[in-house]
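One structure is given below, encoded as structure tokens.
Values below: all heavy atoms of this structure, side chains included; hydrogens, waters and symmetry mates excluded. Below, chain A is the first sequence line, B the second, and so on; all start at residue 1.
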Number of protein chains: 2
Amino acid sequence: MDQVAAAAGVSRATVSRVINNAASVAPGIRDAVQRAIASTGYVPNVAARSLVTRRSNSVALVISEPDRPDDHSFLNRIFTDPYFGRVTAGATGALRPHDVHLVVVPTDSADHHQVIRYLRQGHVDGVLLICSSEHDPLPGQVHALGIPAVLSSRPAAPLPVSHVDLDQRLGARLAAEHLIARGCRRLATISGPLDIPAGSERLEAFRTAAGADAPAVIGDFTRAGGEAAAHRLLDDHPDLDGLFVASDLMAEGALRAVQDRGRRVPDDVAVVGFDDSSPALECRPQLTTIRQPVEEMAAEMAQLLVAHIDEPGRATRSVIFQPTLVLRASA
Amino acid sequence: MDQVAAAAGVSRATVSRVINNAASVAPGIRDAVQRAIASTGYVPNVAARSLVTRRSNSVALVISEPDRPDDHSFLNRIFTDPYFGRVTAGATGALRPHDVHLVVVPTDSADHHQVIRYLRQGHVDGVLLICSSEHDPLPGQVHALGIPAVLSSRPAAPLPVSHVDLDQRLGARLAAEHLIARGCRRLATISGPLDIPAGSERLEAFRTAAGADAPAVIGDFTRAGGEAAAHRLLDDHPDLDGLFVASDLMAEGALRAVQDRGRRVPDDVAVVGFDDSSPALECRPQLTTIRQPVEEMAAEMAQLLVAHIDEPGRATRSVIFQPTLVLRASA
DNA sequence: CTGAAAGCGCTTACAG
DNA sequence: CTGAAAGCGCTTACAG
């Protein structure tokens, strides 16, 4: 930096001002400094800057799961799950124009303190938080830290934190109504884990529309889990003719189970998925599903986070997206 | 930090020493400082530390593609591709014990300079570099920067940079020999892009084993690309009975194409994939494939990078993994 | 084994 | 509009 200052014949303060394009620099001086920067190839040191600005220009995407039996497979599942992939893509894209980078931090309850430590060290200016359980204490802990955060769903305990969510109930209702409208009479569902809204609310709303006694098996949002759940359902209810599965990944497994039992989709059993992520197109038949604009939702989270970082006192906000029914071949 | 020093009745220097557990601190003092740290809940500021140590304790995973027609779909593809997911998982897992974090940086040739700038700013201590073209100038540029780097395949131009790679030729040979051994007589292949070893070498080695005139279509490592390529191949060579596809993702598409034409797998056409990633298990029939230990390879890259960061002059090294044939139902 | 002091490379009131 | 100076919060020779 001193080199640049010397080359341009100004002080370091002035160099700093043109780099951060502060309002008040004489055009002539500004040009001289810019030339000096170009010729020296100077790039400001980010640690020194962070030290005084208290900004890192990075945010964390924390993906928190309650327990993690095995480190290896946990990481594999997270980074291979199309849902998290879409979240990462959406957030990365929205952050790029702000020149802020994303650090993905997978965690489970056993190392929450690691994450807290990471955040307290000032590595990042804020955090996008995705929890797979309502009882996860992390949102509360992060909020207590006073670091800007945006959640991917409504917090269980009321917390003054912005969040982005999907109208889960509407999604499930759309699915149920479609199955009913196409003539299905014995509906059942494979839900997600019940300790998150994406599990409990989709199940409740489905039963509200399909009948309170509609059979349900709780899945785990994995393909294998969906397959097993479908077999269980078909064992107990061999005559079911309409199935709502709370994620496309599980629906892919369920489709397989139905077909392996020699039942045709959609003629014998109609299947509706949820998400509209890549597995929906990979299945045969392709999945009729409830579309969730995951990338846009993640982008919105990122935008909200940036806003909270830029304006600390900013009012908290909740943004709810509406799902839509996407008709394909499975129902 | 001053609080901690005051509470423990020592100087900041001593506090710093116990935090970085420098050898020489009297046990009694050490304990007192640790108690003081615990009671104050002190966490060192990472920017201040980086400024003096010149270490960020982060590394970048740069995924470079030659061109990117559309930002949105590029990010989506990257973060949704099982191969990159496995790389991320492997690297994250290996880095965690070293307490270093991973920043994923997707890029194309249009914003190489952004990446260079990012690296020069000192955001990270080193970079894991994955290029999808041999002609990508990024490895050379990164090396010129003098920042530690590890590549995911042998650099085209000889470059004194460590890299991890797979014995691509062996993999293709394994595939060809298996198809021949099971009785296939009219072999063909769907290769990857020819400007990377994973494309060109697999193709060459396949033809060495299967016959120099074995039909080949060049794919793009996407599912849709594999499907289209298989149709093309079957149009031109309706009698082929053995197909080697250079990635599982493409193989999944190819399987579909073969089956959509009413040909049975493996009876009419045997199909061998490459990677042994999740799509191999999702296909019906499940894929016989060439296993590539992607997570381990990424972990090795991470370990090499850490070693280079810790020991700047360290000799460069290339680590080659051996692929293996995994027998399942498709061939 | 420990402390006083310098210094890492920036930004930003404060004067002028 | 610009500069001199202080300061961000650490670490690390250098003495002792």
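Taking a pair as Watson-Crick or G-U with both hydrogen-bonding distances under 3.5 Å, the stems of three or more pairs touching DNA chain C are C:1-3 with D:14-16, C:5-12 with D:5-12, C:14-16 with D:1-3.
When heavy atoms are screened at a 4.0 angstrom cut-off, Ser16(B) is found touching base atoms of the nucleic acid. Among the protein residues, Val10(B) comes within range of the sugar-phosphate backbone only, with heavy atoms under 4.0 Å from sugar or phosphate atoms but none that close to a base.
Ring geometry, His101(B) versus His123(A): the interplanar angle falls from 30° to 60°, so the pair is classed tilted.
For Gln3(B), the CD atom is loosely surrounded, since the number of other residues' heavy atoms within 6.0 Å does not exceed 12. Atom CZ of Arg314(B) sits in a crowded spot, with more than 12 heavy atoms from other residues, nucleotides or ligands closer than 6.0 Å. The 12-atom threshold is exceeded at CD of Gln141(A), counting heavy atoms of other residues, nucleotides or ligands nearer than 6.0 Å.
Residue Val62(A) forms a side-chain contact (heavy atoms from CB on, under 4.5 Å) with just one option from Ile130(A), Leu128(A), Leu138(A), and that option is Leu138(A).
When the P atom of dC1(D) is taken as reference, atom CG of Asn20(A) falls 17 Å away, rounded to whole Å. If you take CZ of Arg49(B) and P of dC10(D), they are 8 Å apart, rounded to a whole angstrom. One atom, CD1 of Ile19(B), and another, C1' of dT11(D), lie 11 Å apart when rounded to the nearest Å. Distance CG (Asn57(A)) to P (dC10(C)): 15 Å, rounded to an integer number of Å. The CZ-P distance, from Arg55(A) to dT12(C), rounds to 11 Å in whole Å. Distance His123(B) NE2 to dC10(C) C1': 14 Å, rounded to the nearest Å.
For the P atoms, the distance linking dA13(D) with dG9(D) amounts to 23 Å, nearest Å. Only the P atoms considered, dA6(D) is 23 Å distant from dT2(D), to the nearest whole Å.
Here the CD atom belonging to Glu295(A) is positioned 4.5 Å from the CG atom belonging to Asn76(B), to the nearest 0.5 angstrom. To the nearest 0.5 angstrom, Ser162(B) atom OG is 2.5 Å from His308(B) atom NE2.
A side-chain donor from one of Asp136(B) and His112(B) sits under 3.5 Å from a side-chain acceptor of the other.
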Test side-chain hydrogen bond (donor to acceptor under 3.5 Å, both in side chains) applied to Asp165(B) and Ser153(B), step by step: CA-CA 5 Å; Asp165(B) 206 343; Ser153(B) 68; 4.8 Å; no

Salt bridge (charged side-chain N to carboxylate O under 4.0 Å, His left out) assessment of Arg55(B) paired with Asp310(B): CA-CA 10 Å; Arg55(B) 281 292 206 84; Asp310(B) 286 344; 2.8 Å; yes

Please tabulate the protein-to-nucleotide N/O contacts below 3.5 Å involving nucleotides 13-16 of chain D, giving atom names and distances.
residue: dA13(D); atom: N6; partner: Arg17(B); partner atom: NH2; Å: 3.2

Would you list the protein and nucleotides 6-8 of chain D atom pairs, both N or O, that sit under 3.5 Å from each other?
residue: dC8(D); atom: O3'; partner: Arg54(A); partner atom: NH2; Å: 2.6

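Between the side chain of Asp111(B) and the main chain of Asp108(B), a donor-acceptor pair closer than 3.5 Å is present.
Counting only heavy atoms from C-beta outward, the side chains of Val105(A) and Val115(A) approach each other to under 4.5 Å.
Closest contact between the side chain of Met1(A) and the listed nucleotides dT11(C), dG9(D), dC1(C) involves dT11(C). Considering only side-chain atoms of Thr14(A), the nucleotide from dT2(D), dT11(C), dT2(C) that sits closest is dT2(D).
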